[in-house]
Amino acid sequence: MAAAGPSVFLLMVNGQVESAQFPEYDDLYCKYCFVYGQDWAPTAGLEEGISQITSKSQDVRQALVWNFPIDVTFKSTNPYGWPQIVLSVYGPDVFGNDVVRGYGAVHVPFSPGRHKRTIPMFVPESASTLQKFTSWFMGRRPEYTDPKVVAQGEGREVTRVRSQGFVTLLFNVVTKDMRKLGYDTGPLDTQVALGPSPSQGLPG
Amino acid sequence: MPEPCVVTGRRFSQNGENVHHTLAPPPQAAGPIRQGREAAVALVTTREAEGGRDGERLGTSDLSLSGRSWEKRELGLGVSARGERVRAMAEAHVIGQIVGATGFSENSLFCKWGVHTAGAAWKLLSGIREGQTQVDTPQIGDMAYWSHPIDLHFATKGLQGWPRLHLQVWSQDSFGRCQLAGYGFCHVPSSPGTHKLDCPTWRPLGSWREQLARAFVGGGPQLLHGDTIYSGADRYRLHTAAGGTVHLELGLLLRHFDRYGVEC
């Protein structure tokens, strides 16, 4: 019986974690990791990374720039469980402890081409005011035990969060054999920004 | 050989009588197709079962990866026990996020969402059909961000009952009490690719007494049956006011739709 063609398709993602906008915080670093379904497996590149610590520039832009490379290739038989990149941003608080400043996640785009995504970053928040003061004082903020929770939909009903920043990512996506397997990913959408631009969210 | 005239409509047989048939496959074989559809649905949902009955029914080539073997049955393609080629079903993947919401008067918002498909043509193979986002209190600007992932895998036999995403936006105050902020729905996009959707919302107004009570005490009328959100059947009874807008970014990935002659 002749082979019917490929049964596995490849997804190659490269790009960078470009920059962040956190008006209230400085000296931040970020960690990224990929979350994917059971049918996916990374074949090349790094699934996780930690960036350098960056400070706000002295000029009027107040930019926080990481320029941190991302390079990974996945293979899969099923688009269900499409990889998501999960970002966690950390920084020092007033007392010098390392606390979380934001979590965010976005699906890797599936049309081949160049994509820019600006994602909101949020932190879990305590419900009671006393607990908020205690955690500020002790330096132990609420954080997720496993940042991969951010990429899942279940179990988020009971969490309160506060969104307090944005991170801009740049992706270049290349796929192999998706069309041979019958998948139609639509027209290439290059340079689409996710959601309203940060200038709409920031005051002034 | 009867040709399908309109994909979503009737298929006329040779002697002119209507044969109601949605999403008619290319007229080649009738028996293996039915077997193939059921096979595709059954096999894709039971991919954890290795080998056994499914293994001998399909091709023998497999690709093992870290101890799991990925066989051709993942794609719904292969060869039946009688040696005829089974045909693959049309599949659709909805992959994206509920990004957030703007325009609501309240600050701490969360969203209950669900996906509804009318009729029996669409079947959800993988993914969670409904859920609830986290409660977000924005510190910057007025947009509440949820970034709630949506990943759904449908198999379909027809175009009717295209999936609809329905949303209920609620606000939660510092005491933990929830109040309805708006209902809304939008169809899952029908062309492949990434789409940014803005879903407007509305909330039912009550009598002037109920509106006054809502302003002071909170609460307010809610729908008794959730299906009024996405169906137009009983809407004429309602008097509503506008809420804010929910922003979504949904990507649609289609498979084998072109084999059935569907243009999208």
Side-chain angles (χ1 to χ4, degrees), chain A residues 1 3-4 7-8 21 23-24 37-39 41 75 77-82 84 104-107 109-111 115 119-122 124-125 127 129 150-154 156-166 181-189 192 194-196 198 200-203, chain B residues 44 47 59-61 63 65-66 70-72 74-75 77-79 88 93 95-97 99-100 102 108 110 125-128 131-145 147-153 172 176 191-194 196 247 249 251-259:
Chain A
M1 169 212 336
S7 60
V8 164
Q21 286 95 19
E24 301 165 22
Q38 279 184 324
D39 292 324
K75 72 171 163 182
T77 57
N78 188 1
Y80 177 69
W82 195 272
Q84 299 182 55
V106 72
H107 285 281
F110 49 73
S111 330
H115 308 266
I119 63 174
M121 306 296 284
F122 54 84
E125 201 179 46
T129 320
V150 174
Q152 292 163 8
E154 311 100 335
R156 284 161 71 136
E157 302 93 355
V158 294
T159 54
R160 280 186 205 236
V161 298
R162 203 172 65 225
S163 50
Q164 54 187 23
F166 300 92
L181 290 170
Y183 290 102
D184 183 3
T185 56
L188 307 179
D189 58 337
V192 167
L194 168 67
Q200 184 178 333
L202 292 172
Chain B
V44 173
R47 63 182 153 73
T60 53
S61 66
L63 187 77
L65 180 76
S66 52
W70 295 353
E71 300 179 341
K72 285 226 179 72
E74 305 281 338
L75 313 170
L77 277 175
V79 177
H93 291 265
I95 298 171
Q97 280 187 349
V99 179
T102 54
S108 306
F110 66 95
L125 299 177
S126 321
I128 306 166
Q132 186 175 320
T133 68
Q134 59 214 12
V135 183
D136 183 50
T137 315
Q139 300 292 300
I140 313 172
D142 68 341
M143 176 157 176
Y145 287 101
S147 298
H148 191 93
I150 294 180
D151 197 340
L152 300 162
H153 182 192
Q172 187 181 51
S191 57
T194 317
K196 278 170 57 179
H247 303 279
E249 192 234 344
L252 186 71
L253 194 59
L254 299 177
R255 189 180 191 205
H256 299 321
F257 269 60
D258 50 347
R259 287 197 198 175

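Naming convention: chains lettered A, B, ... in sequence-line order (proteins, then strands); numbering from 1 in each chain. Just so it is clear, the structure is predicted and the values come from calculations on it, not from any experiment.
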Exercise. Hey, what do you get for CD (Gln97(B)) to CG (Asp151(B)), rounding to the nearest 0.5 Å?
Worked result: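 Result: 11.5 Å between the selected atoms.
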
For this session: Identify which part of Thr133(B) has an atom lying under 4.5 Å from any heavy atom of chain A, answering side chain, backbone, both or neither.
Result: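 The backbone, not the side chain.
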
Problem set entry | Residue part contacting chain A, namely of His93(B), when any heavy atom lies under 4.5 Å |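 Just the side chain, heavy atoms under 4.5 Å.
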
For this session: Please determine, by modelled atom types, if Thr137(B) and Ser108(B) share a side-chain donor-acceptor pair under 3.5 angstrom.
Result: yes

Exercise. Using non-hydrogen atoms only, which part of Gln84(A) is less than 4.5 Å away from chain B: side chain, backbone, both, or neither?
Worked result: side chain

Problem set entry | Ion pair Glu125(A)/Arg162(A), N-O distance below 4.0 Å | yes

Exercise. Heavy atoms, side chains only, cut-off 4.5 Å: are Leu253(B) and Phe110(A) in contact?
Worked result: yes

For this session: Give the member of Gly176(B), Gly127(B), Ser191(B), Gly131(B) that has the highest number of heavy-atom pairs under 4.5 Å with chain A.
Result: Gly127(B)

